[in-house]
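Down below is the structure, laid out as structure tokens.
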Amino acid sequence: MNDPFGEAIQEFLSKGKAPDIAINSNYTEDEVIPVSYLFRSEKEMPELEKVALKKCKGKILDIGAAAGCHSLVLQKKGFNVTALEKSELSVEAMKKQGIVKVVHADILDYNEQQFNTILLLMNGAGIGQTMNGLRKLLSHLKTLLFDDGQILIDSSDIKYLFEEEDGSMWIDLANEKYYGEMSYEVNYKKSSSKFDWLFIDFENLTKIAALAGLSCTLVAQGKHHDFLAQLKLN
């Protein structure tokens, strides 16, 4: 099984420690994610995540739940929360931690229920992978919302990676893709995975949401070009 995140989560859960997850992309290299970060408590979460959890209401779907830290917080507060994750090892880890409702599926294949709140955190927009992919994702999520439902999603504008000292922006003219469309390689011990991942600015998120029939409201901004948005049915 080639599941670096799942293997790291399983090892940390069983041993209480694990090596860092190594990440490289077409723009960056030699970055790491400490596995302990995937098990963070509510107090340890970034402010945007705390705001998102406070805005949750009703029946909740936590997409890309990983080790389940957000679902655990919500479940302990008495919410009806379903944690959805396509990594089988991560699903097993969430069940071991006592998360009651866990679904092993790709979100694009899931259509079992509707929800009041759909949660996509840790750059949840990235699950869309590309601009077109995000439009497809949001169109699907729209069908999973009750009429008064909301999607809480975060991302970051990575334009700063291309800014020169004089304020101008470096652009690769040979690349027609949006600058936030990235290619990632994740490694954990002997396990590796390659996938596309999207970082999107708020203006473009608003445009894509509108194409999917959703309004987009800025809820909060972080200190590192990151933001939290609320999407609702028009």
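Please read these numbers as outputs of a predicted model, since none were measured by experiment. The chain is numbered in sequence order, starting from 1.
No side-chain heavy atom of Gln221 sits under 4.5 Å from any side-chain heavy atom of Asp226. Looking only at side-chain heavy atoms (C-beta outward), Phe195 and Met182 stay at 4.5 Å or farther from each other. Proximity of Leu89 to Glu7: side-chain heavy atoms (C-beta onward) are separated by under 4.5 Å at one or more points. Leu74 is listed as a side-chain neighbour of Leu53, based on a closest heavy-atom distance under 4.5 Å. Between Leu228 and Ile153 there is no side-chain heavy-atom pair separated by less than 4.5 Å. Residues Lys101 and Ile99 have side chains not in contact (no heavy-atom distance under 4.5 Å, counting atoms from C-beta outward). With contacts defined as side-chain heavy-atom distances shorter than 4.5 Å, the pair Asn204/Leu134 does not qualify. Within the 4.5 Å cutoff, the side chain of Ser191 has no heavy atoms near those of the Lys189 side chain.
Between the side chains of Gln150 and Thr117, at least one donor N or O lies within less than 3.5 Å of an accepting N or O. A donor-acceptor pair shorter than 3.5 Å cannot be found between the side chains of Asn132 and Tyr178. For the residue pair Thr130 and Asp196, no side-chain donor N or O sits within less than 3.5 Å of a side-chain acceptor on the partner. Side-chain atoms of Lys59 and Gln113 form a donor-acceptor pair, as typed in the model, at a separation below 3.5 Å.
Here OG1 of Thr28 is found 8.0 Å from CD1 of Ile23. Values are rounded to the nearest 0.5 Å. Between Ser71 atom OG and Leu119 atom CG the span is 7.5 Å, to the nearest 0.5 Å. Here the straight-line distance linking atom CG of Leu138 with atom CD1 of Ile208 works out to 7.5 Å at 0.5 Å rounding. Considering CG of Leu13 and OG of Ser90, their distance stands at 10.5 Å, rounded to 0.5 Å. Atom OG in Ser192 sits 5.5 Å away from atom CD in Glu185 (nearest 0.5 Å). Rounded to the nearest 0.5 Å, atoms CG (Leu205) and CD1 (Ile200) are 5.0 Å apart.
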| task | Test side chain to side chain contact (heavy atoms under 4.5 Å, CB included) on Lys43 and Met45 and set out the steps. | result | CA-CA 6 Å; Lys43 289 183 178 179; Met45 291 177 185; over 6 Å; no
| task | For the pair Leu120 and Ile127, evaluate side chain to side chain contact (heavy atoms under 4.5 Å, CB included) and give the outcome as yes or no after the intermediate values. | result | CA-CA 8 Å; Leu120 300 97; Ile127 294 173; 4.0 Å; yes
| task | Could you walk me through whether Glu85 and His104 pass side chain to side chain contact (heavy atoms under 4.5 Å, CB included), step by step? | result | CA-CA 5 Å; Glu85 175 57 58; His104 178 216; over 6 Å; no
| message | Does Leu84 form a side chain to side chain contact (heavy atoms under 4.5 Å, CB included) with Ile107? I'd like the steps, not just the answer. | response | CA-CA 7 Å; Leu84 184 143; Ile107 182 55; 4.1 Å; yes
| query | Would Phe12 and Phe39 satisfy ring pair (Phe, Tyr, Trp, His ring centres under 6.0 Å), going step by step from the backbone distance to the final call? | reply | CA-CA 9 Å; Phe12 187 88; Phe39 289 84; 4.8 Å; yes
| said: If you apply the rule side-chain hydrogen bond (donor to acceptor under 3.5 Å, both in side chains), what do you find for Tyr179 with Asp157, and how did you get there? | reply: CA-CA 9 Å; Tyr179 62 80; Asp157 183 359; 2.6 Å; yes
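The aromatic rings of Tyr184 and Trp197 stand perpendicular to each other, their planes meeting at an angle above 60°, with 30° marking the opposite boundary.
A chain of hydrophobic side-chain contacts below 4.5 Å, direct or via other Ile, Leu, Val, Met, Phe, Trp or Tyr residues, connects Phe227 to Ile118. Taken together through direct or relayed side-chain contacts under 4.5 Å among Ile, Leu, Val, Met, Phe, Trp and Tyr, Leu38 and Val102 form parts of separate hydrophobic clusters. Residues Leu121 and Leu144 do not share a hydrophobic cluster, defined by chaining ILVMFWY side chains whose heavy atoms lie under 4.5 Å apart. A continuous path of hydrophobic side-chain contacts links Leu198 to Ile151 [ILVMFWY only; heavy atoms under 4.5 Å]. Cluster annotation: Leu218 and Leu214 are assigned to the same hydrophobic cluster (Ile/Leu/Val/Met/Phe/Trp/Tyr, side-chain heavy-atom contacts under 4.5 Å, transitive).
The two residues His140 and Tyr110 come nearest to each other via the heavy atoms NE2-O, 2.8 Å. Nearest heavy-atom pair, Arg40 versus Cys69, reported as atom, atom and distance to 0.1 Å: O-CB, 3.4 Å. When all heavy atoms are compared, the tightest approach of Glu11 to Ala18 is CG-CB, 4.1 Å. For His225 against Tyr160, the heavy-atom pair with the smallest separation is CD2-CD2, 3.3 Å. Among all heavy-atom pairs drawn from Val103 and Val91, the shortest one is O-CG2, 4.1 Å. The minimum heavy-atom distance linking Ile9 with Ala66 is given by the pair CD1-C, 3.9 Å.
Counting heavy-atom neighbours within 6.0 Å of Arg135 CZ, excluding the residue itself, gives a total of 12 or less. Around atom NZ of Lys50, more than 12 heavy atoms belonging to other residues, nucleotides or ligands sit under 6.0 Å away. Annotation for Asp147: atom CG does not count as buried by contact number, only 12 or fewer foreign heavy atoms lying within 6.0 Å. At most 12 non-hydrogen atoms from other residues, nucleotides or ligands lie less than 6.0 angstrom from NZ of Lys194.
Between Tyr188 and Phe5, the ring center distance fails the sub-6.0 Å criterion.
Residue Glu42 forms a side chain to side chain donor-acceptor pair (under 3.5 Å) with just one option from Lys77, His70, Lys76, Lys54, and that option is Lys77.
Using a cutoff of 4.0 Å between basic side-chain nitrogens and carboxylate oxygens, Lys96 and Glu92 are not scored as salt-bridged.
Counting only distance, with no hydrogens or angles, the side chain of Asp106 and the backbone of Lys86 share no donor-acceptor pair below 3.5 Å. Ser156 places no side-chain N or O within 3.5 Å of a backbone atom of Ile158 that could act as its donor or acceptor partner. When atom types are taken as modelled, the side chain of Asp62 and the backbone of Ala65 share no donor-acceptor pair closer than 3.5 angstrom. Side-chain atoms of Asp154 come within 3.5 Å of backbone N or O of Gly124 as a donor-acceptor pair. Side chain of Gln97 to backbone of Ala67: a donor-acceptor contact under 3.5 angstrom is found.
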